[in-house]
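Below you'll find the structure, written out as structure tokens, and then a few comments.
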Amino acid sequence: RQSETMTELDPLTEQQVHLFLRIDAAMPTDPVLRAAAEFWLKKRQGKVRPSQEDMAQLPEFIRPHVFKAQLAINGDRRWIVSRAGNVARLALGIEGHEPGEVANERIAVRLRHLFDLVLHKDEPYSVMFEVKEDPGKPHLVEVYAAPLATPERPEHHVIAVLTSRAEAQR
């Protein structure tokens, strides 16, 4: 019998193995993601998920990396992004008005899988994956995502924090 704790995972599906370099329920190691995860846990205070208001006081250095995602079911099922900080907007390819969808399809597919997992388990997860912007210039993207309570359909909201860095050339 397996217990469902935050550090134990079900085996990865074949699709997850292809999409992610790492998928984890443990505390992230990236300093920005770790700070966001610690803040989320502090604000959770025994609740299933902290509220949007709880997360409004995120430390200033995390805010450029944050975005909110909402599951929209209107004939089709898709994730809509809003309240994205500058770093997140750039990495996700969001231009113009919000709410919007992630422009980079490779990132969008990975985020859909991550957000669906977070909602299914009602626990935070972090992932790492590689994105090639230009030929020969891979970037490592790390995302921490956690469930978020909102007045309207709380089971459809996630708060996410994203970091991206150029991978060293081999």
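Just so you know, residue 1 is the first one in the sequence shown, and it goes up from there.
- Between Y125 and K121 the shortest heavy-atom distance is OH-CG, 3.4 Å.
- Within 6.0 Å of CD on Q57 lie more than 12 heavy atoms contributed by other residues, nucleotides or ligands.
- Here the side chains of W79 and V158 are in contact, with some heavy-atom distance below 4.5 Å.
- Across every non-hydrogen atom of P147 and D122, the tightest pair is CB-OD1, 3.6 Å.
- Partners of D30 according to the salt bridge (Lys or Arg N to Asp or Glu O under 4.0 Å) rule, which considers only residues two or more places apart in sequence or in another chain, do not exist here.
- Closest approach of G93 to A103, counting heavy atoms only: O-CB, 3.0 Å.
- Residues meeting the side-chain contact (heavy atoms from CB on, under 4.5 Å) test with R34, sequence neighbours left out: M27, E38.
- Counted within 6.0 Å of NZ on K47, heavy atoms from surrounding residues, nucleotides or ligands total more than 12; the atom is thus considered enclosed.
- Between the side chain of R49 and the backbone N or O of A146 there is no donor-acceptor pair closer than 3.5 Å.
- The only option from L148, I159, V161 that meets the side chain to side chain contact (heavy atoms under 4.5 Å, CB included) definition with W40 turns out to be I159.
- Separating the CD atom in E142 from the NE2 atom in H65 is a distance of 11.5 Å, to the nearest 0.5 Å.
- In terms of hydrophobic clustering, with Ile, Leu, Val, Met, Phe, Trp and Tyr side chains grouped at heavy-atom distances under 4.5 Å, L119 and F67 are assigned to a common cluster.
- Here the side chains of Y144 and V32 are not in contact, with every heavy-atom distance at 4.5 Å or above.
- Heavy atoms only, all atoms of each residue included: V118 and A145 are closest at CG2-O, 3.6 Å.
- In plain terms, the two heavy atoms of Q16 and I23 that are nearest each other are NE2-CD1, 4.2 Å.
- A continuous path of Ile, Leu, Val, Met, Phe, Trp and Tyr side chains, each step under 4.5 Å between heavy atoms, connects V109 with V17, placing both in one hydrophobic cluster.
- Residues S126 and R22 have side chains in contact (heavy-atom distance under 4.5 Å, counting atoms from C-beta outward).
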Yes or no on side-chain contact (heavy atoms from CB on, under 4.5 Å) for V87 and T163, after CA distance, side-chain angles and deciding distance?
-> CA-CA 8 Å; V87 172; T163 60; over 6 Å; no

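- You'll find the side chain of L140 reaches within 4.5 Å of the side chain of L21, heavy atoms only.
- A heavy-atom distance below 4.5 Å is not found between the side chains of V141 and E130.
- A pairwise comparison of heavy atoms in A84 and V81 identifies CB-CG1, 4.3 Å as the closest pair.
- Of the inter-residue distances, the one linking Q15 atom CD with F20 atom CZ reads 9.0 Å to the nearest 0.5 angstrom.
- Ion pairing between a basic and an acidic side chain is recognised when a charged N comes within 4.0 Å of a carboxylate O; R112 and E105 show such pairing.
- Grouping the Ile, Leu, Val, Met, Phe, Trp and Tyr side chains by contacts below 4.5 angstrom, directly or via other members, places M55 with L41.
- For R106, the CZ atom sits in a loose shell: 12 or fewer heavy atoms of surrounding residues, nucleotides or ligands are nearer than 6.0 Å.
- Distance check, rounded to the nearest 0.5 Å: CG of L33 to CG of L162 gives 8.0 Å.
- The hydrophobic cluster containing I94 also contains L71, counting ILVMFWY residues as joined when their side-chain heavy atoms lie under 4.5 angstrom apart, directly or transitively.
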